[in-house]
Number of protein chains: 2
Amino acid sequence: MYVERWNEAASAGGTGACPVRHVLDKIGDKWSMLLVMTLASGAKRFNQLHREMPDISQKMLTQTLRDLQRDGLVARKVFDTKPPSVEYRLTPLGQSLIVPFGHLIEWANQSMPRINAARSHFDGAGAR
Amino acid sequence: MYVERWNEAASAGGTGACPVRHVLDKIGDKWSMLLVMTLASGAKRFNQLHREMPDISQKMLTQTLRDLQRDGLVARKVFDTKPPSVEYRLTPLGQSLIVPFGHLIEWANQSMPRINAARSHFDGAGAR
DNA sequence: CGGAATCCTTGGGGATACTG
DNA sequence: CAGTATCCCCAAGGATTCCG
């Protein structure tokens, strides 16, 4: 199978070597994946992003953007206009992340009915 | 593109309708994805799982297993032996999750060099 | 407009001890 | 063996205020 040394970090003692954990540290947080998917439809400015993601705080928006920029997934471009304007867009690397994300979203859309059914059944059986 | 109504929850006011957030709530936590991938190689018993994931607490192992069972991703089977034995295995639904996870892991493995390079460059430029 | 800085709260989750 | 029950902490992240 395609999953081989994925858990090596557990025995190695470090978390940096494990790709699964590394990926979880990136997309596992509340906002990174949302942000990438929001930028998937095109470059956006700061407040424009904030308007499209109303429930993220400016702090987390700033922080998540900087993290993504740090990892080379997002590019930041400053326009020296009268009211300063900053544009964020996905780098090619960031765009490549849309594909596996898409698979996950597709899985979620297809599986949610079965998950909800299982959950109802589980809760119904356990509650009484 | 395949991503259409993914952000509807933001405008709808609820988080339950958004597939992205729903999936994040599942795999976003520290352990679910690790657990699914650990079970991908076959059914395991409780302490066997714990041994393969040394850095999870038994509390979180129990909790994560119950959540996955609740969602119909993991099946729990109790053997009424002298020392009680419980076996966990992925359901077909759980197994179907291995595929999109695999894509993500593959992406991580392929992209990590570029990410690390970007990070080094970013940190190097920002530190001074 | 695009942030940075500060304060404050919540709950995720670890450690430990006990049970059937 | 396979959990359950408690206690406790700390850091993720929200709200608010200030700045160039």
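Fair warning: this is a prediction, and the values are worked out from it, not measured in the lab.
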(message) Under a 3.5 Å distance rule, please check whether S32(A) uses its side chain to pair with a backbone N or O of K26(A) as donor and acceptor.
(response) yes
(request) Specify the separation, in whole Å, of atom CD1 of I56(B) and atom P of dA2(D). (result) 15 Å
(request) Give the rounded distance in Å between these two atoms: CE of M60(A) and C1' of dG3(C). (result) 15 Å
(message) Rounded at 0.5 Å granularity, tell me how far CG in L35(A) sits from CG in L61(A).
(response) 6.0 Å
(message) If you assign each of W31(A) and P84(A) to its closest nucleotide in DNA chain D, which residue comes earlier from the 5' end?
(response) W31(A)
(message) Using the side-chain heavy atoms of N47(A), tell me which of these nucleotides is nearest: dG3(C), dG2(C), dA2(D).
(response) dG2(C)
(request) Tell me whether the OP1 or OP2 atom of dA4(C) has a side-chain N or O from R66(A) closer than 4.0 Å. (result) yes
(request) Return the nearest nucleotide to the side chain of K59(A); candidates are dG2(C), dT4(D), dG14(D). (result) dG14(D)
(message) For the NE2 atom of H50(A) and the OG1 atom of T38(A), what is their distance to the nearest 0.5 Å?
(response) 11.5 Å
(request) Quick one: label K30(B) by what it contacts on the DNA or RNA (base, sugar-phosphate, nothing), any heavy atom closer than 4.0 Å. (result) sugar-phosphate
(message) Nearest whole Å is fine: how far is dC1(D) P from E87(B) CD?
(response) 16 Å
(request) Rounded off to whole Å, could you give me the NZ-to-C1' distance for the K77(A) and dC1(C) pair? (result) 18 Å
(request) Select one nucleotide: of dT16(D), dG2(C), dA2(D), the one nearest the side-chain heavy atoms of S85(B). (result) dA2(D)
(message) Checking contacts here: which listed nucleotide (dA4(C), dG3(D), dC1(D)) is nearest the side-chain heavy atoms of R45(B)?
(response) dC1(D)
(message) Whole angstroms only, please: what is the CG-C1' distance between D29(A) and dG11(C)?
(response) 17 Å
